[in-house]
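These values consider heavy atoms only, across backbone and side chains, with no hydrogens, waters or symmetry-generated copies. Predicted model only: the values in this text are computed from it and were never measured.
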Amino acid sequence: MMLTTGIFGGSFNPVHNGHIELARRLLALAGLDDVWFVVSPQNPFKRNDCLLDDRLRLEMVRLALKDEPRMAASDYEFCMPRPSYMWHTLRALAADYPDRKFVLLIGADNWARFGEWYAADKILAAHRVVVYPREGVPLDPAALPAGVTLADTGLIPGSSTEVRRRIAAGEPIDGLVPPVVASFIFNNKLYR
(Lines give C-alpha, C1' and ligand atoms only; values in the text may rest on other atoms or scores of the structure.)
Protein backbone atom coordinates (compact mmCIF):
# COMPACT_ATOMS: atom_id res chain seq x y z
CA MET A 1 0.00 0.00 0.00
CA MET A 2 1.28 3.45 -0.96
CA LEU A 3 1.79 5.80 2.00
CA THR A 4 1.20 9.53 1.66
CA THR A 5 3.91 11.60 3.32
CA GLY A 6 3.81 15.36 3.75
CA ILE A 7 7.14 17.11 3.25
CA PHE A 8 7.39 20.07 5.61
CA GLY A 9 10.68 21.76 4.78
CA GLY A 10 12.24 24.57 6.73
CA SER A 11 15.19 25.86 8.67
CA PHE A 12 13.37 25.20 11.99
CA ASN A 13 15.65 27.75 13.66
CA PRO A 14 14.28 26.77 16.18
CA VAL A 15 11.27 24.49 15.75
CA HIS A 16 8.31 25.91 17.71
CA ASN A 17 4.84 24.89 18.84
CA GLY A 18 3.24 26.49 15.78
CA HIS A 19 5.16 24.13 13.47
CA ILE A 20 3.92 21.09 15.39
CA GLU A 21 0.31 22.26 15.59
CA LEU A 22 0.35 23.05 11.88
CA ALA A 23 1.63 19.55 11.09
CA ARG A 24 -1.11 18.02 13.27
CA ARG A 25 -3.78 19.92 11.36
CA LEU A 26 -2.25 19.12 7.97
CA LEU A 27 -2.18 15.40 8.79
CA ALA A 28 -5.96 15.47 9.04
CA LEU A 29 -6.85 18.08 6.42
CA ALA A 30 -4.53 16.79 3.68
CA GLY A 31 -5.17 13.09 4.29
CA LEU A 32 -1.54 12.31 5.14
CA ASP A 33 -0.15 9.18 6.78
CA ASP A 34 2.77 11.11 8.23
CA VAL A 35 4.73 14.36 8.02
CA TRP A 36 8.49 14.58 7.64
CA PHE A 37 10.10 17.78 8.95
CA VAL A 38 12.93 18.17 6.43
CA VAL A 39 15.55 20.38 8.08
CA SER A 40 17.07 22.55 5.39
CA PRO A 41 20.80 23.29 5.55
CA GLN A 42 20.38 26.35 3.32
CA ASN A 43 17.21 27.89 1.93
CA PRO A 44 18.02 29.63 -1.39
CA PHE A 45 15.73 32.53 -0.42
CA LYS A 46 17.05 33.19 3.08
CA ARG A 47 20.22 34.76 4.42
CA ASN A 48 21.79 32.62 7.10
CA ASP A 49 23.16 35.20 9.53
CA CYS A 50 21.81 33.51 12.66
CA LEU A 51 21.26 29.99 11.38
CA LEU A 52 22.35 27.41 13.92
CA ASP A 53 24.40 24.40 12.92
CA ASP A 54 22.38 21.80 11.00
CA ARG A 55 22.81 19.11 13.65
CA LEU A 56 21.61 21.35 16.47
CA ARG A 57 18.44 22.28 14.56
CA LEU A 58 17.85 18.63 13.65
CA GLU A 59 18.24 17.58 17.29
CA MET A 60 15.70 20.19 18.40
CA VAL A 61 13.20 18.87 15.83
CA ARG A 62 13.85 15.29 16.98
CA LEU A 63 13.25 16.28 20.60
CA ALA A 64 10.09 18.24 19.71
CA LEU A 65 8.59 15.29 17.80
CA LYS A 66 9.49 12.48 20.21
CA ASP A 67 5.84 12.10 21.30
CA GLU A 68 4.38 12.59 17.80
CA PRO A 69 4.26 9.10 16.22
CA ARG A 70 3.12 10.39 12.81
CA MET A 71 5.87 13.02 12.53
CA ALA A 72 9.59 12.57 11.96
CA ALA A 73 12.70 14.74 11.79
CA SER A 74 14.62 14.30 8.55
CA ASP A 75 18.23 15.14 7.72
CA TYR A 76 17.69 14.06 4.11
CA GLU A 77 18.97 17.35 2.64
CA PHE A 78 22.20 17.31 4.69
CA CYS A 79 23.99 15.18 2.07
CA MET A 80 22.60 17.06 -0.92
CA PRO A 81 24.20 19.98 -2.77
CA ARG A 82 23.60 23.43 -1.32
CA PRO A 83 21.52 25.51 -1.50
CA SER A 84 18.67 23.05 -1.04
CA TYR A 85 16.26 23.00 -3.97
CA MET A 86 12.99 21.25 -3.20
CA TRP A 87 12.78 19.71 -6.68
CA HIS A 88 16.05 17.84 -6.09
CA THR A 89 14.84 16.72 -2.67
CA LEU A 90 11.47 15.48 -3.93
CA ARG A 91 13.02 13.69 -6.90
CA ALA A 92 15.57 11.93 -4.69
CA LEU A 93 12.94 11.01 -2.08
CA ALA A 94 10.67 9.53 -4.76
CA ALA A 95 13.56 7.37 -6.01
CA ASP A 96 14.60 6.25 -2.50
CA TYR A 97 11.06 5.61 -1.23
CA PRO A 98 9.01 4.18 -4.12
CA ASP A 99 6.34 3.01 -1.64
CA ARG A 100 5.44 6.63 -0.77
CA LYS A 101 3.64 9.52 -2.42
CA PHE A 102 5.17 12.81 -1.35
CA VAL A 103 3.03 15.90 -0.85
CA LEU A 104 4.72 19.29 -0.53
CA LEU A 105 3.42 21.40 2.38
CA ILE A 106 4.09 25.14 2.06
CA GLY A 107 2.80 28.40 3.48
CA ALA A 108 0.92 30.98 1.43
CA ASP A 109 4.02 33.20 1.65
CA ASN A 110 6.05 30.53 -0.16
CA TRP A 111 3.23 29.91 -2.63
CA ALA A 112 3.28 33.64 -3.50
CA ARG A 113 6.91 33.15 -4.63
CA PHE A 114 6.50 29.64 -5.99
CA GLY A 115 7.08 30.81 -9.57
CA GLU A 116 10.63 31.74 -8.50
CA TRP A 117 11.36 28.25 -7.16
CA TYR A 118 13.81 26.11 -9.08
CA ALA A 119 11.84 23.71 -11.35
CA ALA A 120 8.49 24.86 -9.93
CA ASP A 121 6.69 23.49 -13.00
CA LYS A 122 8.26 20.05 -12.47
CA ILE A 123 7.21 20.02 -8.81
CA LEU A 124 3.62 20.81 -9.83
CA ALA A 125 3.66 18.13 -12.52
CA ALA A 126 4.97 15.41 -10.21
CA HIS A 127 3.59 16.19 -6.72
CA ARG A 128 0.52 17.39 -4.92
CA VAL A 129 1.06 20.72 -3.16
CA VAL A 130 -0.89 21.72 -0.06
CA VAL A 131 -0.78 25.40 0.88
CA TYR A 132 -1.62 26.65 4.37
CA PRO A 133 -2.57 30.24 5.26
CA ARG A 134 -0.06 32.78 6.49
CA GLU A 135 -0.90 36.10 8.11
CA GLY A 136 -0.95 39.01 5.68
CA VAL A 137 -0.81 36.81 2.58
CA PRO A 138 -4.20 36.65 0.85
CA LEU A 139 -4.87 33.56 -1.24
CA ASP A 140 -7.75 32.82 -3.61
CA PRO A 141 -8.38 29.04 -3.60
CA ALA A 142 -10.17 29.34 -6.95
CA ALA A 143 -6.97 30.66 -8.55
CA LEU A 144 -4.86 27.64 -7.53
CA PRO A 145 -3.80 25.32 -10.35
CA ALA A 146 -4.72 21.63 -10.54
CA GLY A 147 -2.91 19.59 -7.90
CA VAL A 148 -2.64 22.52 -5.50
CA THR A 149 -5.08 22.85 -2.62
CA LEU A 150 -5.55 25.23 0.29
CA ALA A 151 -5.74 23.54 3.70
CA ASP A 152 -7.94 25.56 6.02
CA THR A 153 -5.65 25.19 9.03
CA GLY A 154 -6.48 28.63 10.32
CA LEU A 155 -3.70 31.00 11.30
CA ILE A 156 -1.42 29.38 13.84
CA PRO A 157 0.69 31.70 15.98
CA GLY A 158 4.39 31.18 16.34
CA SER A 159 7.59 32.37 14.76
CA SER A 160 11.20 31.24 15.03
CA THR A 161 12.22 34.90 14.67
CA GLU A 162 10.16 35.81 17.76
CA VAL A 163 11.65 32.92 19.73
CA ARG A 164 15.19 34.06 18.86
CA ARG A 165 14.33 37.70 19.66
CA ARG A 166 12.96 36.75 23.08
CA ILE A 167 16.00 34.64 23.94
CA ALA A 168 18.37 37.44 22.91
CA ALA A 169 16.36 39.90 25.05
CA GLY A 170 16.38 37.54 28.04
CA GLU A 171 12.60 37.08 27.85
CA PRO A 172 10.82 33.77 28.56
CA ILE A 173 9.88 31.43 25.70
CA ASP A 174 7.43 29.33 27.74
CA GLY A 175 4.54 28.22 25.57
CA LEU A 176 6.36 29.08 22.32
CA VAL A 177 8.47 25.92 22.05
CA PRO A 178 8.08 22.46 23.59
CA PRO A 179 9.65 22.38 27.09
CA VAL A 180 12.26 19.84 25.93
CA VAL A 181 13.35 22.27 23.19
CA ALA A 182 13.49 25.17 25.64
CA SER A 183 15.74 23.08 27.90
CA PHE A 184 17.99 22.15 24.98
CA ILE A 185 18.30 25.82 23.94
CA PHE A 186 19.17 27.01 27.45
CA ASN A 187 21.44 24.09 28.33
CA ASN A 188 23.43 24.70 25.15
CA LYS A 189 23.31 28.54 25.44
CA LEU A 190 21.85 28.89 21.94
CA TYR A 191 20.72 32.15 20.28
CA ARG A 192 22.55 34.41 22.73
Is there a path of hydrophobic side-chain contacts, each under 4.5 Å between heavy atoms of I/L/V/M/F/W/Y residues, joining [Y] to [X]?
X: Val131; Y: Leu155; result: no
X: Leu52; Y: Phe78; result: yes
X: Leu176; Y: Ile20; result: yes
X: Leu26; Y: Met86; result: no
X: Leu58; Y: Val38; result: no

Contact summary for [X] and [Y], nearest pair of heavy atoms:
X: Arg166; Y: Pro172; answer: NH1-O, 3.1 Å
X: Val137; Y: Ala112; answer: CG1-CB, 4.5 Å
X: Pro41; Y: Ser84; answer: CD-OG, 3.3 Å
X: Ser11; Y: Leu51; answer: CB-CD1, 3.8 Å
X: Val15; Y: Ala64; answer: CG1-CB, 3.8 Å
X: Val163; Y: Ile173; answer: O-CG2, 3.9 Å

Taking the side chain as C-beta and beyond, is there a heavy-atom pair between [X] and [Y] under 4.5 Å?
X: His16; Y: Pro178; value: no
X: Val61; Y: Leu63; value: no
X: Leu150; Y: Pro133; value: yes
X: Leu32; Y: Val103; value: yes
X: Ile7; Y: Leu105; value: no

For [range], which residue pairs qualify under side chain to side chain donor-acceptor pair (under 3.5 Å), counting only residues two or more places apart or in two chains?
range: residues 175-185; value: none
range: residues 56-71; value: Arg24-Glu68, Asp54-Arg57
range: residues 127-156; value: none

### Query
Just by modelled atom types, is the Ala92 backbone N or O under 3.5 Å from a matching donor or acceptor in the Tyr76 side chain?
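Side chain of Tyr76 to backbone of Ala92: a pair is present.
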### Query
Could you walk me through whether Thr5 and Val35 pass the side chain to side chain contact (heavy atoms under 4.5 Å, CB included) check?
CA-CA 6 Å; Thr5 297; Val35 172; over 6 Å; no
### Partner residues of Phe37 under the ring-ring contact (aromatic ring centres under 6.0 Å, His included) criterion, sequence neighbours left out
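Result, ring-ring contact (aromatic ring centres under 6.0 Å, His included) vs Phe37: Phe8, Phe12.
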### ring-ring contact (aromatic ring centres under 6.0 Å, His included) partners of Trp111, counting only residues at least two apart
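Trp111 satisfies ring-ring contact (aromatic ring centres under 6.0 Å, His included) with Phe114 once adjacent residues are dropped.
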### Query
Between Trp36 and Phe102, does the ring centre distance come in under 6.0 Å?
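Distance test on ring centres: under 6.0 Å, yes.
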### Task
Could you please spell out the steps behind the side chain to side chain contact (heavy atoms under 4.5 Å, CB included) verdict for Ile123 and Leu104?
CA-CA 9 Å; Ile123 294 172; Leu104 179 60; 4.0 Å; yes
### Message
Quick one, Val148 with Leu124, criterion side chain to side chain contact (heavy atoms under 4.5 Å, CB included). Give me CA distance, side-chain angles, the key distance, then yes/no.
### Response
CA-CA 8 Å; Val148 180; Leu124 292 176; 3.5 Å; yes
### Message
If hydrophobic residues (ILVMFWY) are linked whenever their side-chain heavy atoms come closer than 4.5 Å, directly or via other members, who joins Met1 in its cluster?
### Response
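Result for Met1 is Leu3.
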#### Entry: Pairing residues for Asp33 by the side-chain hydrogen bond (donor to acceptor under 3.5 Å, both in side chains) criterion, not counting sequence neighbours
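For Asp33, no residue satisfies side-chain hydrogen bond (donor to acceptor under 3.5 Å, both in side chains) once neighbours in sequence are set aside.
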### Task
Sequence neighbours left out, what passes side-chain hydrogen bond (donor to acceptor under 3.5 Å, both in side chains) with Arg165? Give chain and number order.
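Arg165 satisfies side-chain hydrogen bond (donor to acceptor under 3.5 Å, both in side chains) with Glu162, Glu171 once adjacent residues are dropped.
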### Message
According to ring-ring contact (aromatic ring centres under 6.0 Å, His included), does anything in residues 159-192 pair up with another residue at least two apart or in another chain? List the pairs.
### Response
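Qualifying pairs, neighbours excluded: none.
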### Message
Does anything in residues 93-106 form a salt bridge (Lys or Arg N to Asp or Glu O under 4.0 Å)? List the pairs, not counting sequence neighbours.
### Response
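Applying salt bridge (Lys or Arg N to Asp or Glu O under 4.0 Å) to every pair that reaches into residues 93-106, excluding sequence neighbours, yields Asp34-Arg100.
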### Glu77 CD to Leu93 CG distance, which is reported to the nearest 0.5 Å
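Those atoms lie 8.5 Å apart.
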#### Entry: Rounded distance (nearest 0.5 Å) linking atom CD1 of Ile106 with atom CZ of Arg113
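Nearest 0.5 Å value for the CD1-CZ distance: 12.0 Å.
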### Query
Could you go step by step and tell me if Met60 and Val180 meet the side chain to side chain contact (heavy atoms under 4.5 Å, CB included) rule?
CA-CA 8 Å; Met60 285 189 283; Val180 66; over 6 Å; no
### Task
Go through the structure and list residues passing side-chain contact (heavy atoms from CB on, under 4.5 Å) with Ala146, not counting sequence neighbours.
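For Ala146, no residue satisfies side-chain contact (heavy atoms from CB on, under 4.5 Å) once neighbours in sequence are set aside.
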